[in-house]
Visitor: 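Input: one structure, supplied below.
The figures here come from the full heavy-atom set of this structure, side chains too, leaving out hydrogens, waters and symmetry mates. Just so you know, ligand 1 is whichever comes first in the structure, and atom 1 is the first atom listed for that ligand. The chain is numbered in sequence order, starting from 1. Since the model is a prediction, treat every value here as computed from it, not as a measurement.
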Amino acid sequence: MGTIHTGVVTMPLTVRDMTEDDLPELACFYPQHVFETMPAELERARTGVVDHLVVCTPTGVPVAKGAINWDEIPGAGVISTLSVRAELRSIGIGSILIRASEERIRERGLSRSEIGAEENNPRARALYERLGYVAYGSEPASWDQEGPDGTVSKYETTCTLLRKDLC
Ligand SMILES: CC(C)(COP(=O)(O)OP(=O)(O)OC[C@H]1O[C@@H](n2cnc3c(N)ncnc32)[C@H](O)[C@@H]1OP(=O)(O)O)[C@@H](O)C(=O)NCCC(=O)NCCS
């Protein structure tokens with residue numbers, strides 16, 4: 001499904017649907033507030049409203065995770081909650097995950113992919129633009145987050161909305 005070349009190592013990677021067996025490994029690198037929703041998200045995936053994809057090493061260890069939401073925007077698959085293991089960023093794994101997500105969207109007979117980037121995350125936005133996404137708007141977003149002392153607070157931000165026509 002994809003290959004990364006670091007200059008030292010070349011490694012084939014596969015992309016597949018997330019399963020319950022992936023959760024212990026995802027807990028090591030996935031943002032806590034999103035990770036906590038995964039049992040419920042696996043249930044939602046069974047109903048077909050969302051696909052959760054993981055990128056795996058040849059031994060099957062997940063090193064990146066994202067989702068495609070099918071019920072948010074008519075006619076489009078909405079890619080969200082992308083995360084690559086911190087020590088494996090910037091070697092092409094996020095690009096492999098986004099391209100695999102686009103392939104899923106095409107297979108579903110849809111011709112548009114959408115993605116959001118927090119306004120304080122220019123690197124993610126630059127990556128999406130390099131992959132052909134075009135900004136068309138913005139919207140407020142918020143979620144609970146846990147601080148180092150365990151207190152939970154509401155994090156509020158603004159997301160730039162980007163889209164790409166898939167042909
Ligand atoms: C954003 C994120 C998902 C991107 O994944 P990634 O694996 O780092 O992305 P890629 O490696 O495909 O591309 C990103 C960078 O690698 C570079 N790159 C891509 N392929 C490469 C390759 N084969 N070799 C070297 N560099 C490469 C790109 O030019 C880009 O450069 P940058 O480091 O200046 O940004 C990841 O960095 C991440 O998990 N970040 C934290 C969470 C987050 O911000 N999520 C997005 C929410 S909107």
Visitor: Please list the nearest protein heavy atom to atom 44 (O) of ligand 1 with its residue and the distance rounded to 0.1 Å.
Guide: Asn121 ND2, 2.7 Å
Visitor: Indicate whether the side chain of Ser111 and that of Asp165 have a donor and an acceptor atom separated by less than 3.5 Å.
Guide: no
Visitor: Which is closest to atom 22 (C) of ligand 1 by heavy-atom distance: Ile93, Ile91, Asn120, Leu162?
Guide: Ile91
Visitor: Measure Ile4 to ligand 1 on non-hydrogen atoms and call it side chain, backbone, both or neither using the 4.0 Å cut-off.
Guide: neither
Visitor: Please determine whether a side-chain nitrogen of the Lys or Arg among Arg16 and Asp22 lies less than 4.0 Å from a carboxylate oxygen of the Asp or Glu.
Guide: yes
Visitor: Give the residue, atom name and distance (to 0.1 Å) of the protein heavy atom nearest atom 45 (N) of ligand 1.
Guide: Leu82 O, 2.9 Å
Visitor: Is ligand 1 less than 4.0 angstrom away from at least one heavy atom of Arg130?
Guide: yes
Visitor: Quick test of your reading of the structure: of Ser90, Ser80, Gly94, Ser95, whose heavy atom lies closest to atom 25 (C) of ligand 1?
Guide: Ser90
Visitor: What residue and heavy atom of the protein are closest to atom 39 (O) of ligand 1, and at what distance?
Guide: Val84 N, 2.8 Å
Visitor: Among the clusters formed by ILVMFWY side chains lying less than 4.5 Å apart, do Tyr30 and Ile98 turn up in the same one?
Guide: no
Visitor: Does the plane of the ring in Tyr133 sit parallel, tilted or perpendicular to the ring in Tyr128? Use 30° and 60° as the thresholds.
Guide: perpendicular
Visitor: Starting from atom 1 (C) of ligand 1, which protein heavy atom do you reach first, and at what distance in Å?
Guide: Ala124 CB, 4.2 Å
Visitor: Against ligand 1, does Ser83 come closer than 4.0 Å with any heavy atom?
Guide: yes
Visitor: I'd like to know if Glu129 and Arg125 make a salt bridge, using a cut-off of under 4.0 Å between side-chain N and carboxylate O.
Guide: yes
Visitor: Going by the closest heavy atom to atom 10 (P) of ligand 1, which one wins out of Gly92, Pro122, Gly116?
Guide: Gly92
Visitor: Nearest heavy atom to atom 15 (C) of ligand 1 wins, so pick from Arg89, Arg123, Arg125, Lys65.
Guide: Arg123
Visitor: Which heavy atom of Lys164 sits nearest to which heavy atom of Gly132, and what is that distance?
Guide: CG-O, 3.8 Å
Visitor: Does only the side chain of Tyr128 get under 4.0 Å from ligand 1, or the backbone, or both, or neither? Count heavy atoms.
Guide: side chain
Visitor: Work out which heavy atom in Ile93 is nearest to a heavy atom in Ala64; give both atom names and the distance.
Guide: CG2-CB, 3.7 Å
Visitor: Give the cluster check for Val54 versus Phe35: same hydrophobic cluster or not, with ILVMFWY residues linked at side-chain heavy-atom distances below 4.5 Å.
Guide: yes
Visitor: How close do Ser142 and Lys154 get, counting heavy atoms only, and between which atoms?
Guide: OG-CE, 3.8 Å
Visitor: Less than 3.5 Å between some nitrogen or oxygen of Leu127 and one of ligand 1, yes or no?
Guide: no
